[in-house]
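Worksheet: the structure to be examined is printed underneath.
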There are 2 protein chains.
Amino acid sequence: MAADQLSRVFSALADPIRRDMVSRLTVADATVNELAEPYDVTVQAVSKHLKVLEDAGVVSRTRQAQRRPVHLEAEVFDLMTKWIERYRRQAEERYRRLDDVLRSMPEDMDPTPPREEPRAPETGAQT
Amino acid sequence: MAADQLSRVFSALADPIRRDMVSRLTVADATVNELAEPYDVTVQAVSKHLKVLEDAGVVSRTRQAQRRPVHLEAEVFDLMTKWIERYRRQAEERYRRLDDVLRSMPEDMDPTPPREEPRAPETGAQT
DNA sequence: CCTGTGTTCAACCATTTGGTTGAAACACAC
DNA sequence: GTGTGTTTCAACCAAATGGTTGAACACAGG
C-alpha cells in the first residue's frame with residue numbers, strides 16, 4: 001500500500017490481533033506458533049500478520065534452529081510519537097490562539113462567518 | 001474495519017492524504033472543498049476520506065449554511081499516545097531486565113529462551 | 001421560482017486485506 | 001535416509017478500500 005514507513009506502521013497497528021501481538025512481544029520474544037496460540041485463526045494467518053508487522057519495521061525475526069523468534073523493534077514507536085506529538089502541539093497552540101481571539105471579540109459582532117480566517121466558525125458548536 | 005476506536009484511528013491515519021489533511025487542520029478548520037484543493041483526487045474522494053476520519057473521531061463537522069467546516073478533535077491523539085507509550089515503556093523495561101538476565105547467564109546454559117508467560121494459559125514448557 | 005455552490009449519495013470498478021486449505025521448504029532428531 | 005515440528009508459499013475467496021462518474025440534496029441569492 002502506501003510506500004512510506006509511517007503509513008505502514010499505522011496500518012500495521014490498525015489491526016487488534018497485531019496490536020495484541022505487539023503488546024505480548026513487549027513482555028518477551030516469541031515464535032510464530034506461540035503467538036498464534038491464543039487466537040482463533042490459523043498459524044498461516046498469524047504468519048501473514050507478522051509479515052505486515054515486519055514490513056512496517058515493527059518487529060524483526062532472527063533464526064534460531066528451526067524457529068524464527070519474533071522481536072519487537074521499539075524504535076518505530078518513536079516515529080509515531082513524533083508525528084502525533086508534533087501535530088498535537090500545533091493543535092493545542094492553535095486553540096490557545098483561538099481563545100485569545102474569542103476573548104477579544106465583541107458581543108455585538110456581525111454574525112457573518114469569517115472565511116479564509118484561521119479561526120473556528122463557532123456557531124456554538126463543539127467545545 | 002475493526003470495531004474499536006483505536007483501530008479506526010490507526011487505520012484512518014495510515015493514509016498519507018488523510019494524515020496531510022489532519023496536519024492542515026491543526027492550522028485551521030477547513031471546508032471539504034478547501035481540503036480537496038491540493039490533492040489530485042475528486043472532491044467526492046476527499047469527502048470519503050473525511051468520513052473515515054470522522055468515524056474514527058479524529059475530526060468533527062458542524063453545519064454552517066451549505067458548508068460543513070471540518071474541525072480537528074485533538075483528544076484522539078491522547079488515545080494513541082497512551083497506547084504507544086504504555087507498550088514502549090514496557091518494552092524498555094523489559095530490555096533492562098533482559099540485560100540483567102544476560103549478565104547473570106552462564107555460558108553453558110540451555111539455549112531455551114527464558115519466557116515469562118505472556119497471557120495465554122500456556123501448556124508449553126515456559127519458565 | 002430558478003441558478004449556482006458546496007456536499008453527499010449511489011453505483012461501479014480495481015486493488016488490497018484477512019482469512020482459508022493444501023503443499024512445500026527448512027532445520028533438526030533418530 | 002525417514003520422520004517430526006516450525007514456518008512459509010500458493011491459490012483461492014469474501015469483504016473492505018480508494019478511486020471514479022453521475023445524480024441528488026441543501027441552501028443563498030438573484
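It should be emphasised that the depicted structure is a prediction, and the values quoted were computed from it without experimental measurement.
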Base-contact (B) and sugar-phosphate-only (S) positions in nucleotides 19-30 of chain D, heavy-atom cut-off under 4.0 Å, - elsewhere: BBBB----BS--

To the nearest Å, how far apart are [X] [atom1] and [N] [atom2]?
X	N	atom1	atom2	answer
A/R67	D/dT8	CZ	C1'	17 Å
B/E34	C/dT5	CD	C1'	13 Å
A/E54	D/dC9	CD	P	10 Å
A/R8	C/dT17	CZ	P	12 Å
B/L50	C/dG6	CG	P	15 Å
B/E37	C/dT7	CD	C1'	17 Å

Ignoring backbone atoms, test whether [X] places a side-chain nitrogen or oxygen under 4.0 Å from the OP1 or OP2 oxygen of [N].
X	N	answer
A/R68	D/dT8	yes
A/N33	D/dT7	yes
A/R61	D/dT8	yes
B/S47	C/dT8	yes

Taking [X] for its side chain and [Y] for its backbone only, find out whether a donor-acceptor pair lies under 3.5 Å.
X	Y	value
B/S47	B/V43	no
A/Q5	A/A56	yes
B/E34	B/T31	yes

Terminal axis angle for the helix from C/dC1-D/dG30 to C/dC30-D/dG1, five pairs an end, nearest 10 degrees: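 Helix axis angle between the two ends: 10°.
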
Member of A/H71, A/E73, A/E54 meeting the side-chain hydrogen bond (donor to acceptor under 3.5 Å, both in side chains) criterion with A/S60: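 With A/S60 as partner, A/H71, A/E73, A/E54 yield a single side-chain hydrogen bond (donor to acceptor under 3.5 Å, both in side chains), made by A/E73.
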
4.5 Å side-chain heavy-atom contact, A/W83 and B/V22: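 The answer is yes, as the side chains (C-beta and beyond) meet within the 4.5 Å cut-off.
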
Charged N-O contact under 4.0 Å between B/D4 and A/R19: yes

